[in-house]
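Worksheet: one structure, shown below.
Letters A, B, ... mirror the listed sequences (proteins, then strands); counts begin at 1. Remember, it's a predicted structure, so these values are computed and weren't measured experimentally.
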Amino acid sequence: MKSVVDILNDRISAAMVRVTGRQDCAAIVRSATDPRFGDYQANGVMALAKQIKTNPRKLAEEVVAQLDLSDICEPPEVAGPGFINLRLRPEYVARELLRITSDKDRLGMEKGSEPQTIVVDFSSPNVAKQMHVGHLRSTIIGDCIWRLLEFQGHTVVRQNHIGDWGTQFGMLIRYMYQGAKVSHMHGATTVFSVVDLSDMEEFYREAKRLFDADPQFAEESRRYVVKLQSGDRTALDDWRLICDTSLSECQTIYDRLGVQLTRDDVRGESFYNDKLPTVVADLKKAGLATESNGAVCVFPPGFKTKEGEPLPFIIQKSDGAYLYATTDLAALRYRVNVLQAGRIVYVTDARQIQHFQMLFKVAEMAGWNQRDGKAVGLVHVTFGSVLGEDGRPLKTRSGENVKLKDLLDEAVERARAVVQEKNPDLPPEQKAKIAEAVGVGAVKYADYSNNRTSDYVFSYDKMLAMDGNTAPYMQYAYARVKSIERKAESRGVSIQDDLRDLQNLDLSEPTELDLGKHLVRYAEAIESAAADYRPNYLTSYLYELAQKFSAFYTECPVLDAPPDKRPTRLLLCDLTARTIKHGLSQLLGIQVVEQM
RNA sequence: GCGUCCGUAGCUCAAUUGGAUAGAGCCUCGGUCUUCGGAACCGAUGGUUGGGGGUUCGAGUCCCUCCGGACGCACCA
């Protein structure tokens, strides 16, 4: 079953073909810009009229004459310079609502006809540092993207490309021996316990301080890097311990954020260590890599340095070490050839845009984006910065990065205060649960509801506000529907019984029809969010849904409705609740609560 | 200096990629109110989309040019 837009697009395009005899006719059906124009509008006729140099309005009339949409819409109207306005018939909306309501898991969303294997690369924190606000967006936007893509029917492979290799690890390992008051430079097994590393941040800071201050420490650190790279057992064991400890801290954050990354998704920089020489060798062999000032470089066309010289994509430093670029190339090959990706989506901040443009270009030059003669889609999904109230990147008062844990704690604490104020009689453990759902949800929702490409100002007050496009507003709308269900139960009304034999809906109240029409369009919202990797399309949809529900709820009694109206209204409530729950929890990873 | 992105109501943000009279929320003002949960609903005020020019049936969106901002520009990731 296709979505309404798809059907309308198909039929109107076909009518355009019949009228003009041209093959490439796009109807361009969009949501109407104003409810007075109907529910949808087709804009394609005007563009077509321009191409074939005819009167757009007249062409629109001819297309409408060739059009039969009577099973879906009221008679289409031509307006303005050549818009075709479409209004859904209540009978059609009713039919769709019945169909969607019986579609328990997918709520009317059809799986795509061309499923791909898609690799989504996101989160990617650095080992040995606590996750901070700079990791928030990649982590949650990436999580939402894979959920959207998977729901569309794709096979999605998550990749957490953590920073777990390089000079800093020599430094950390060297520091481990110093921190543990044990002389243990050449033992066979490590004596360090996880407890020793519990405060990774402090550990890292101290190691860095010594590295910068003490030449001997630095020199010994470098020796550990060499040991690591040559596969020394002890060094590797200790390195693994650092990674494990650090990752389990990350995992706590992921779990709390409702982000479904696990250890299985971790494939960090270290994983590609042994594949780096081949990358360089192959690019040399292909004649793409050349030596310049002692470094091995590829010069993709179209990039310039400050001085106007060709800008290199450096894959091996003059001292022989490999870089970020090399690892990314190795990862790209692995994803194409081993993971069999048909598309790779990288979720990183916008500052890396040039790096990825160069990476994609080099991959293309080497033909590494090809498999079985088909080009693998390479997509860089970027996002802006999280700013403080002062408009500068969000920092603590002392100028450090805000730890994700502290940020979430603060949000939850504020949510707890609100719950306490509004609903003091709930059992404490329930209040705690609500506060966690609302606080964490608010942080995530605020991020998702902004256009990801722009910077946004982080404000606890705004994200926890009850009014407006916020998590608490959505969660409250959900709790209200659930409250009706509870009330129904206590009155002995069985919703399932009411809905079971429902054949026709009565959508005669304007707020009923308005809500119904919106419910029918859930799949559309998901498709557009997935197509552009933009969660804010989904939050907008959900917000409108909650608003339309609130209007309906104010206007139309449900349990006290006349017997012939009640089943329709129960269905609207039920489907609203399921849609909000699905959108929030399945696609955005934000918890809903039955009461708040 | 070059490149990329951005500038939308007093504030925080939208605008489905060239569609109709640029929408929300906060703020301010007014209304609904002993409710199936008022953490609600309805309405009003508020705009030369940074300035100027251009492209066309139509521009916040595309092009040019100023002004202002963020980021990036050879061995960090």
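- Of all the heavy atoms in A/N469 and A/T539, the pair that sits closest is OD1-O, 3.9 Å.
- B/C2 and B/C13 are spaced 32 Å apart, taking the C1' atom of each and rounding to whole Å.
- The aromatic ring of A/Y553 does not stack onto the base of B/A40, failing the criterion of a centre distance under 5.5 Å from the six-membered base ring together with planes under 30° apart.
- No donor-acceptor contact under 3.5 Å links the side chain of A/D328 to the base of B/A77.
- Within the structure, a side-chain polar atom (N or O) of A/S454 is placed less than 4.0 Å from OP1 or OP2 of B/A14.
- Of the charged side-chain nitrogens involved, none lies within less than 4.0 Å of a carboxylate oxygen, so that A/D349 and A/R137 do not count as a salt-bridged pair.
- You cannot call A/F83 stacked on the base of B/G19; the centres under 5.5 Å and planes under 30° rule is not satisfied.
- Nucleotide B/C36 holds its C1' atom 15 Å from the CD atom of A/E555, rounded to whole Å.
- Applying the 4.0 Å criterion to OP1 and OP2 of B/C26, one finds that A/Y473 has every side-chain N and O outside that range.
- Relative to the side chain of A/Y537, the nucleotides B/C73, B/A77, B/U16 differ in distance, and B/U16 lies closest.
- Less than 4.0 Å separates RNA chain B from at least one heavy atom of each of the following residues of residues 486-495 of chain A: A/R486, A/K487.
- Using the Watson-Crick or G-U wobble rule with both distances under 3.5 Å, B/G7 pairs with B/C67.
- A/E489 and A/R486 are not joined by a salt bridge, as no carboxylate oxygen comes within less than 4.0 angstrom of a charged side-chain nitrogen.
- B/U61 and B/C6 are spaced 12 Å apart, taking the P atom of each and rounding to whole Å.
- A gap of 15 Å separates the P atoms of B/A39 and B/U34, to the nearest Å.
- For B/U4, its base never sits under 3.5 Å from the side chain of A/R351 at any donor and acceptor pair.
- Rounded to the nearest Å, the gap between the C1' atom of B/U8 and that of B/G51 is 15 Å.
- Put simply, A/N536 has no side-chain N or O that comes within less than 4.0 Å of OP1 or OP2 on B/U16.
- Nucleotides B/U21 and B/U48 place their C1' atoms 15 Å apart, quoted to the nearest Å.
- With contacts defined as side-chain heavy-atom distances shorter than 4.5 Å, the pair A/Y445/A/L584 qualifies.
- The gap from the C1' atom of B/U56 to that of B/U12 amounts to 35 Å, rounded to the nearest Å.
- For the pair A/K275 and A/F271, the distance from NZ or CZ to the six-membered ring centre is under 6.0 Å and the angle to the ring normal is within 45 degrees.
- When both distances must be under 3.5 Å, the Watson-Crick or G-U wobble mate of B/A59 does not exist.
- Across all non-hydrogen atoms, the minimal contact from A/R452 to A/T382 is NH1-O, 2.8 Å.
- The existence of a salt bridge linking A/K433 and A/E436 is excluded, since no basic side-chain nitrogen approaches an acidic carboxylate oxygen closer than 4.0 Å.
- An OP1 or OP2 oxygen of B/C41 is reached within less than 4.0 angstrom by no side-chain nitrogen or oxygen of A/T554.
- Of the C1' atoms belonging to B/A70 and B/A74, the separation is 23 Å, rounded to the nearest Å.
- The residues A/R414 and A/D461 are annotated as salt-bridged, a charged nitrogen and a carboxylate oxygen being separated by less than 4.0 angstrom.
- Side-chain atoms of A/Y346 and A/L332, non-hydrogen and from C-beta on, do get closer than 4.5 Å to each other.
- Here A/T33 reaches the OP1 or OP2 of B/A20: one of its side-chain N or O atoms lies under 4.0 Å away.
- The base of B/A20 sits with one of its N or O atoms less than 3.5 Å from a complementary donor or acceptor on the side chain of A/Q41.
- Within 4.0 Å (heavy atoms only), A/A479 reaches at least one base atom of the nucleic acid.
- An OP1 or OP2 oxygen of B/G3 is reached within less than 4.0 angstrom by no side-chain nitrogen or oxygen of A/K306.
- OP1 or OP2 of B/A15 sits under 4.0 Å from a side-chain N or O of A/N451.
- Remark: the separation of the P atoms in B/C11 and B/G50 is 13 Å, to the nearest Å.
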